[in-house]
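Every value quoted in this text rests on a predicted model; they were computed, and no experiment measured them. All heavy atoms count here, side chains included; hydrogens, waters and symmetry mates do not.
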Amino acid sequence: MSFSYETKLELCRVPVQRPCCARAEAYGILLYCNTFQSGEVRIITENAAFADRLPGLFRKAFRLRFDALPQPDQPGKRIFRLTDRDKLLRLRELLGCENHPVLHMNYALLEEDCCRASFLRGAFFAGGSVTDPEKRYHMELNTSHAQVGRELEVLLRDLGYPSKNLSRNGSSITYFKQSDQIADFLTLIGAPVSAMRVMTAKLEKDLRNSVNRRLNCDTANVDKAVEASREQMEAIRKLQEASLLEGLSDKLQATAALRLEFPELTLSELAEEFDPPVTKSCLNHRLRKLTELARGL
C-alpha cells in the first residue's frame, strides 16, 4: 500500500458536516478528476474508501446521483459517471461555470477557510499523489485544465503554501518538494497522521546525516592523529640513529621518550603523561621542534 493510498484513507475519515464544505470538496474532485466536460463527468479511482465516499458526498453537495456506479466490492479501477444532460447542466449552474467554455476556479465557493481546505482535499483525492517521505519529498496535484492549475498556484500562495507549476503531457502539475510544505498541506486538508510521518522521516534523515557527519569528522581526525604520530616517531628514530637525542634539552628528550612509549595516544592524552602534565600546545611545540630537527639532517 503506497503512502498516497494511506493518506487518502486517512482523508476519507474526515467527516463533511457542512453543505458548503461538501460542495467545495466535490468541486475540487471535479476539477481534478479524469473527465469534467459539458457532456460527461467521469471519476476513476482504485481507492475503495474514496469510492465509498463519493456517492454520499455528491448527494450532499448537489443532490445528484451518479448515472453509472461501480459494482460493490469491485476490484481494480472503479468508475463513476454522470451523463444525464439535465444533471450536468444543474451541476455546472451550481458551480457557476455553465457559460464558460474554459473551466476556472469559482472563488465564490471558496470564501471560508473550511471550504478552501475541503476544496484542496477534493483536488488531492482526484488528482493528488505524495511520495513516501522515506524515499524523497514530492507531492503534486494533476489537472487537465491548465487555467485551473494556474489559479490553484495563486490560491496556495495566498494561503501561505508557495508551490511550483509545470506542464506535463498536456496536464498542469502543481507540486511541492519541501518536507515542511508537504506536511503543512497535509495537515490543512485533514491528514495530520500522514503529515507527522513526513516530519518524522525528515527528523530521522537529519539525525542520520548529523551522525554520519560526526563519524566522518571523527574518522578524519583519527587519521590525522595517526599520521602525525607516525611522522613524529620517524623523526625521533632518525635523531636516535644520528645520536643527536642525547644532545637535546631534557624537555625534548622526555618528550621523545614518551612518544616512543605511547605511540597510540593523542596529543591531549600524551600531555597528561608528563609529570607534571604539560599543555597540549606546549607538547605540540616540542614535537614540532623534534620533527624540524630531523628534517634538517
Side-chain angles (χ1 to χ4, degrees), residues 2-3 6-7 130-140 160-164 166 175-187 192-297:
S2 69
F3 184 66
E6 292 176 349
T7 300
V130 58
T131 304
D132 185 343
E134 295 289 342
K135 298 177 181 177
R136 63 190 181 103
Y137 307 121
H138 182 85
M139 192 199 78
E140 64 180 45
Y161 301 96
S163 60
K164 294 183 179 180
L166 61 84
Y175 66 95
F176 299 98
K177 283 189 173 293
Q178 298 296 324
S179 59
D180 55 340
Q181 294 175 351
I182 295 172
D184 290 345
F185 181 89
L186 294 177
T187 301
V193 175
S194 297
M196 182 61 70
R197 285 182 60 184
V198 174
M199 291 186 285
T200 300
K202 175 70 161 55
L203 290 173
E204 290 176 350
K205 287 180 182 178
D206 288 346
L207 179 59
R208 284 196 296 268
N209 291 337
S210 177
V211 170
N212 287 337
R213 285 194 296 270
R214 172 63 70 85
L215 288 175
N216 290 337
C217 182
D218 289 346
T219 300
N221 289 336
V222 169
D223 290 343
K224 290 180 181 178
V226 169
E227 179 62 20
S229 177
R230 185 188 63 79
E231 291 181 358
Q232 294 158 8
M233 297 279 290
E234 288 181 355
I236 293 169
R237 291 193 179 102
K238 194 172 182 180
L239 292 172
Q240 279 182 325
E241 292 171 359
S243 302
L244 294 178
L245 272 181
E246 295 79 1
L248 299 179
S249 65
D250 293 341
K251 293 180 179 179
L252 289 179
Q253 290 187 51
T255 300
L258 282 175
R259 173 45 89 194
L260 290 175
E261 183 179 356
F262 302 108
E264 76 286 354
L265 296 186
T266 65
L267 283 182
S268 299
E269 294 167 341
L270 187 61
E272 293 295 324
E273 295 296 325
F274 285 81
D275 186 20
V278 299
T279 65
K280 179 180 176 181
S281 175
C282 174
L283 177 59
N284 188 47
H285 175 75
R286 293 182 186 178
L287 289 170
R288 192 163 54 242
K289 181 65 174 178
L290 291 170
T291 303
E292 291 173 353
L293 288 172
R295 287 175 183 164
L297 294 179

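Judged as a side-chain contact (heavy atoms from CB on, under 4.5 Å), and not counting sequence neighbours, the contacts of Ala242 are Leu244, Leu297. The side-chain hydrogen bond (donor to acceptor under 3.5 Å, both in side chains) test applied to Ser194 returns Thr7, Glu10, not counting sequence neighbours. Qualifying side-chain contact (heavy atoms from CB on, under 4.5 Å) partners for Lys177, counting only residues two or more places apart in sequence or in other chains: Arg136, His138, Tyr175. Annotation: salt bridge (charged side-chain N to carboxylate O under 4.0 Å, His left out) contacts of Glu234 (sequence neighbours excluded): Arg230. When the side-chain hydrogen bond (donor to acceptor under 3.5 Å, both in side chains) test is applied to Gln181, no partner is found at least two apart in sequence or on another chain. Here Arg214 pairs with Asp218 under the side-chain contact (heavy atoms from CB on, under 4.5 Å) rule; sequence neighbours left out.
The line from OG1 of Thr266 to NZ of Lys224 is 14.5 Å long, rounded to the nearest 0.5 Å. Taking CE of Met139 as the start and CZ of Phe3 as the end, the distance is 10.5 Å to the nearest 0.5 Å. Interatomic distance, Phe176 CZ to Ile182 CD1, rounded to the nearest 0.5 Å: 8.0 Å. Rounding to the nearest 0.5 angstrom, the gap separating the OH atom in Tyr137 from the CG atom in Asp132 is 10.5 Å. Rounding to the nearest 0.5 angstrom, the gap separating the CD atom in Gln232 from the CD1 atom in Ile236 is 7.0 Å.
For Leu260 against Pro263, the heavy-atom pair with the smallest separation is O-CD, 3.7 Å.
Side-chain contact check for Leu248 versus Leu290: some heavy-atom pair is nearer than 4.5 Å. You'll find the side chain of Leu283 reaches within 4.5 Å of the side chain of Phe274, heavy atoms only.
Note on residues 244-269: no pairs pass salt bridge (charged side-chain N to carboxylate O under 4.0 Å, His left out), not counting sequence neighbours. Applying the salt bridge (charged side-chain N to carboxylate O under 4.0 Å, His left out) definition to pairs two or more places apart or across chains, those involving residues 193-205 are Glu6-Arg197, Lys202-Asp206. Applying the side chain to side chain donor-acceptor pair (under 3.5 Å) test to pairs two or more places apart or on separate chains, those with a residue in residues 277-290 are Thr255-Arg286.
Glu134 contributes no side-chain N or O that, together with a main-chain N or O of Ala201, makes up a donor-acceptor pair within less than 3.5 Å.
Annotation: Met196, atom CE; neighbour count of heavy atoms from other residues, nucleotides and ligands within 6.0 Å does not exceed 12.
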